[in-house]
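The block underneath contains the structure these notes are about, expressed in structure tokens.
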Amino acid sequence: MSIELILRHQIVQAIETCYDQKIDQTLVQFQITRKEFEGDLTLVVFPFVRMSKKSPEQTAIEIGNYLQQNVAEVEKYNVVKGFLNLVITADYWISVLNSASSVSDFGITKPGESSKLVMVEYSSPNTNKPLHLGHIRNNLLGFSLSEIMKANGYKVVKTNIVNDRGIHICKSMYAWKMWGKDQTPENTGIKGDHLVGNFYVRFDQEYKKEIAQLIEQGETKENAEQNAPSMLGAREMLLKWEAKDPETVELWKTMNKWVYKGFDVTYKALGVDFDKIYYESETYLYGKDEVLRGLDEGVFYQKEDSSVWADLTAEGLDQKILLRSDGTSVYMTQDIGTAKERFQDYRINKMIYVVGNEQNYHFQVLSILLDKLGFEFGKGLHHFSYGMVELPQGKMKSREGTVVDADDLMAEMVEVSRKTSEELGKLEGYTPEQAAETYTMIALGALKYFMLKVDPKKNMLFNPEESIDFNGNTGPFIQYTYARIRSVLRKADERGIQLNHQIEAGTPAGIKELHLIKLISQFPVAVKEAGDSYSPALVANYIYELVKEFNQFYHECPILIEENNEIRNLRLVMAETIGKTIKTGMKLLGIDVPERM
RNA sequence: GUCUCGGUAGCUCAGCUGGAUAGAGCAACGGCCUUCUAAGCCGUAGGUCCUGGGUUCGAAUCCCAGCCGGGAUACCA
């Protein structure tokens, strides 16, 4: 049982004994004692003043006395104003270190047979352009969230729904057919997703030219947009595709194949993967039956033009269209279909959609509609809504080319990482392959940590002018600390020092050691909170705090060269446990840590 | 118009289930490599926590109003 739980219980007892009042455990609020005061845990006594009918100081002293007498782990206490600072015995903290160091998966709750199944949908790209920085955030969040859910004892299915059909891909197809028919990834050497993306941009350029021309000829802007030859061409392609025209379907397959091959490279570089991939071209017709059933059951209604609608005014929202007057589906219809499909394919207990906050409204409506259709899981959907990545000029737009490309960004960072490693002479003695593996790991560590350390729900700013840092609160800083710990442990091994993992009670641990052990003990708490609140940032922030604290310790206290064997052993075991915690924590963020750097 | 998210140091962000003197990193300035990895450590400087009310023993944190910014808002996904 953790010290917090023991104390919580005992404090309730103390109030009952001293003041003859029964209180709820939730009234007991603890915090970690601030550095400038002596103690480990602090009880705020103000809430109890009303019961004691005494001054805060007097109340604190009485509760402190009770705890000191009745709780073995409480060594002593002091009172500052209304704050009761409790000093926990060193032996308790040593026992905490012992239990943390003795297990291989400290802080992790492994899923078992009866664990709940969570499906996490993330990435979900369009197949008309390569992935950019916004997708990177999505992918990293989705992957990390999946790892964090697993670490909280859930079974997880990672899924990706590929948006492989629609007018956007037809635009690329049309442009290719018109202005680049001879080009392939093979004969141009351009990565498939980039090649297709180039045609998407080309389409937009030509389209704009045509609009300008039509307006000059006296057309209204609206007419010009509707009747520009390119747009007509793309629309025609969409109709042909839906009619399963062989030539169009063939072109569609070919170009999508190029894109998938490109995506695979990017996904692999990012270190993300999926257990199940859905393709919208296969699922986009699914929702229609459900909507028609809803219409039969009177959940939805039909307008005179025979379009089908949901009335959400009772929920404080508007009317929402579900089937167009020609009977075709909209985005919402498809999502109803895919949701049903997924719950049929898997016994999902919870569905999490990792999708940007611009779609908050969509998912709010989706949840309500599924509920109205009688699906139990409707209310259980969770939209993991994250903020946009903005550039100094504002939002990224693929069509206008104002995007930070995922592949380019990674390549640049690997290059910076390589140069830095070489300048610092860190990887001497490594083979070129080992060196490349390490500096790539560092580059990705920098990128991933940069993206994941900020609160997912907030918009974040990325300035391409200032490359992502490798110093300070960064991935490489944490990786560096890990490598440093490994180095010390390697040297200990070389010198024939055997670690004794069962540290004996009474080992003289200093304030610095105790503080670090306290931090180690918080790791499982951080993992749980990250899972409960769906926030990888909490794990990132925790690791940073631990690492920063360890580096201070490292500079102040010798580990390997400490002369007292007992203390040296304590510090080595502590360092090893911190290393293990860093590795586990970073794994939750999808970041690897190097043995050397 | 309505809904929603945000506003904390020059910049990027923590802290937000109310608690002690609001913290990091970057950028600036000054120190520390003959001792376990200097991608590190120490120090200096930098704040009307958007504004105004309210609740409270106590508010960056909760409530209300306003200002500024992002996003959504019935047939693009």
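Every chain is numbered from 1 and lettered A, B, ... according to where its sequence line falls, protein lines coming before strand lines.
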Enumerate all atom pairs, one protein N or O and one N or O from nucleotides 5-8 of chain B, separated by less than 3.5 Å.
{"residue": "B:G7", "atom": "OP1", "partner": "A:K458", "partner atom": "NZ", "Å": "3.4"}

Using Watson-Crick or G-U wobble geometry with both distances under 3.5 Å, which nucleotide pairs with [N]?
N	value
B:C29	B:G43
B:A72	B:U2
B:U17	none
B:U35	none
B:G58	none

Name the closest nucleotide to the [X] side chain, picking from [options].
X	options	value
A:Y544	B:C13, B:G25, B:G19	B:G25
A:V454	B:G19, B:U17, B:C13	B:C13
A:E529	B:U17, B:U21, B:U12	B:U17

Between [N] and [M], how far is it from one [atom1] atom to the other, in whole Å?
N	M	atom1	value
B:C63	B:A45	P	37 Å
B:A65	B:U55	C1'	15 Å
B:G10	B:C62	C1'	31 Å
B:U17	B:U37	P	42 Å
B:U12	B:G1	P	28 Å

Worksheet entry | Ring center gap for A:F363 and A:Y353 short of 6.0 angstrom | yes

Practice prompt. State yes or no: are the ring centers of A:Y534 and A:H382 separated by less than 6.0 Å?
Written response: yes

Worksheet entry | Summary of protein contacts for nucleotides 36-43 of chain B, nucleotide by nucleotide, where a base hit scores B, a sugar-phosphate-only hit scores S (4.0 Å, heavy atoms) | BBSBBSS-

Discussion item. Checking side-chain polar atoms at under 3.5 Å, does A:D164 have a donor or acceptor matched by the opposite partner on A:N256?
Written reply: no

Item to complete: Please check if any side-chain donor atom of A:Q29 sits under 3.5 Å from a side-chain acceptor atom of A:R8, or the reverse.
Response: no

Could you check whether [X] pairs with [Y] (Lys NZ or Arg NE/NH1/NH2 to Asp/Glu carboxylate O, under 4.0 Å)?
X	Y	result
A:R486	A:E576	no
A:K129	A:D193	no
A:E494	A:K491	no

Practice prompt. Using atom OH of A:Y449 as one end and atom C1' of B:C26 as the other, report the distance to the nearest whole Å.
Written response: 14 Å

Worksheet item: Do the side chain of A:N85 and the base of B:A20 come within less than 3.5 angstrom through a donor-acceptor pair of N or O atoms?
Response: yes

Item to complete: Report the C-alpha distance between A:H168 and A:Y200 in whole Å, list the side-chain angles of each, state the deciding distance to 0.1 Å, and finish with yes or no for ring-ring contact (aromatic ring centres under 6.0 Å, His included).
Response: CA-CA 8 Å; A:H168 49 85; A:Y200 186 65; 7.5 Å; no

Worksheet item: Rounded to the nearest 0.5 Å, what separation is found between the OH atom of A:Y482 and the OG atom of A:S487?
Response: 12.0 Å

